[in-house]
Participant: 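Sharing a structure here in structure tokens format.
Chain letters run A, B, ... following the sequence lines, proteins first, then strands; residues in each count from 1.
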Number of protein chains: 2
Amino acid sequence: MKKIDILNKLRSSGLRPTKQRVEIAKFLFEREKTFHFTVESLNKLLTKKSTSKIALATIYNTVHAFKTAGHLNEVEVRGNKTYFDTNVSNHHHFYDSETSELIDIDANDIIIQKIPKAPNGKKIKNVEVFINLKN
Amino acid sequence: MKKIDILNKLRSSGLRPTKQRVEIAKFLFEREKTFHFTVESLNKLLTKKSTSKIALATIYNTVHAFKTAGHLNEVEVRGNKTYFDTNVSNHHHFYDSETSELIDIDANDIIIQKIPKAPNGKKIKNVEVFINLKN
DNA sequence: TTCTAGTTTATAATTATTCTAAAGTGAAAA
DNA sequence: TTTTCACTTTAGAATAATTATAAACTAGAA
Ligand SMILES: [Mn+2]
Ligand SMILES: [Mn+2]
Ligand SMILES: [Zn+2]
Ligand SMILES: [Zn+2]
């Protein structure tokens, strides 16, 4: 994903491409593989990588703006911190609690044969599979 | 589960059956169906039910002690609070984000036909399925 | 009954996150 | 190009969940 696409991505979701947003978006979206992160880890990586310091509040603001725009997903991981995922398509995860590392599993790599029907007036929105790992 | 069993349950896991622990254990374990809760919700319910007030710190201590002893499981739910589950067997969940309600799914009610193999030197510890509900 | 390690408790501390409100800025309009 | 202003960034305060502290209490062994 090139810079022009980043600008389009931001503008088309009603987000002004400010210096900070572009820098964060480039860091998050200009990569081949999925990136899983917490605000803390993102902050550290950005601080290390870049010269210009971005306020922590801005990172929170930006991550939430990207999530609301559908460019990031929140992943539920045991623990206190909130995890985000640059892979916004429907998929599953391996989770290694030793390293707190998430690994993507393509939706097609898990096939569920039998599933219970949703209760009362409810419908199934989506199904998430977590595979916890050990050594 | 009767009172004597509660006492055994505590003692056999190295926990002194104090007044507070017995009261909390009775509240949590003397019921037919699985109970999912947060420390906050448990605290409210205990306050309503009982005459003797239990300190919030004691509820945290006790829930952690029960979890460590294997009498409670922690369930990962989106949001800030930590959820606990009296069902410590391997099972799955429906999750209704409208009501923040968890509903158990028996392990046998979900059959996974295809699953990827664990990465590098890792093994699969367990598989958890979350079915998110909508109206 | 005495004794003590384990437990409870009020309160302080910590940690992740959100709020606030003042200063800064992208970009539309003049 | 300059003006203008709604949107954005920011430092710091506030909040909320959880954990730590340390003094008072107690289960139960001796
Ligand atoms: Mn979490
Ligand atoms: Mn959670
Ligand atoms: Zn992912
Ligand atoms: Zn459950």
Participant: Rounded to whole Å, how long is the line connecting atom CD of A:Q20 with atom P of D:dC7?
Facilitator: 17 Å

Participant: Which residue lies toward the 5' end of DNA chain C, B:I59 or A:L56, if each is placed at its nearest nucleotide?
Facilitator: B:I59

Participant: Less than 4.0 Å between a side-chain N and a carboxylate O, is that true for A:R78 and B:E74?
Facilitator: no

Participant: Using side-chain contact (heavy atoms from CB on, under 4.5 Å) as the criterion, list what pairs up with A:L45, not counting sequence neighbours.
Facilitator: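 Testing A:L45 for side-chain contact (heavy atoms from CB on, under 4.5 Å), a comparison that skips the adjacent residues, returns A:F27, A:F35, A:K48.
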
Participant: For B:D85 and B:H93, work out which heavy atoms get closest and say how close.
Facilitator: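 Heavy atoms only, the tightest pair is OD2-NE2, 2.9 Å.
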
Participant: With a 6.0 Å cut-off on ring centres, are A:F130 and A:Y95 close enough?
Facilitator: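 Aromatic pair excluded; centres sit 6.0 Å or further apart.
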
Participant: Strictly by ring pair (Phe, Tyr, Trp, His ring centres under 6.0 Å), give each pair with a member in residues 45-79 of chain A just once, sequence neighbours left out.
Facilitator: A:F29-A:F66

Participant: For a 4.5 angstrom cut-off between non-hydrogen side-chain atoms, does B:V39 reach B:K81?
Facilitator: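 A side-chain contact under 4.5 Å is absent here.
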
Participant: Can you give me the N/O atom pairs linking the protein to nucleotides 23-28 of chain D at distances under 3.5 Å, or say none if there are none?
Facilitator:
from: D:dG28; atom 1: OP1; to: B:R11; atom 2: NH1; distance (Å): 2.9

Participant: Would you give the length of the straight line joining atom OG1 of A:T58 to atom CG of A:N61, rounded to the nearest 0.5 angstrom?
Facilitator: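 Taking OG1 in A:T58 and CG in A:N61, the distance rounds to 6.0 Å.
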
Participant: Taking for each residue the nucleotide of DNA chain D with the nearest heavy atom, is it B:V39 or A:I54 whose nucleotide lies nearer the 5' end?
Facilitator: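 The residue whose closest nucleotide sits nearer the 5' end is A:I54.
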
Participant: Please name all residues satisfying side-chain contact (heavy atoms from CB on, under 4.5 Å) with B:K19, sequence neighbours left out, ordered by chain then number.
Facilitator: none

Participant: Any donor-acceptor pair under 3.5 Å linking the side-chain atoms of B:Q20 with those of B:T62?
Facilitator: no

Participant: 5' to 3' on DNA chain C, which nucleotides open and close the contacts with chain B (atom under 4.0 Å from a heavy atom)?
Facilitator: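 The footprint of chain B covers C:dA5 to C:dA10.
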
Participant: Counting only heavy atoms and a strict 4.0 angstrom limit, can you tell me which residues of residues 60-71 of chain B come near DNA chain D?
Facilitator: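 Here the set is B:Y60, B:H64.
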
Participant: As an exercise, state the distance from CG of A:N43 to CD1 of A:I24, rounded to the nearest 0.5 Å.
Facilitator: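 Nearest 0.5 Å value for the CG-CD1 distance: 9.0 Å.
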
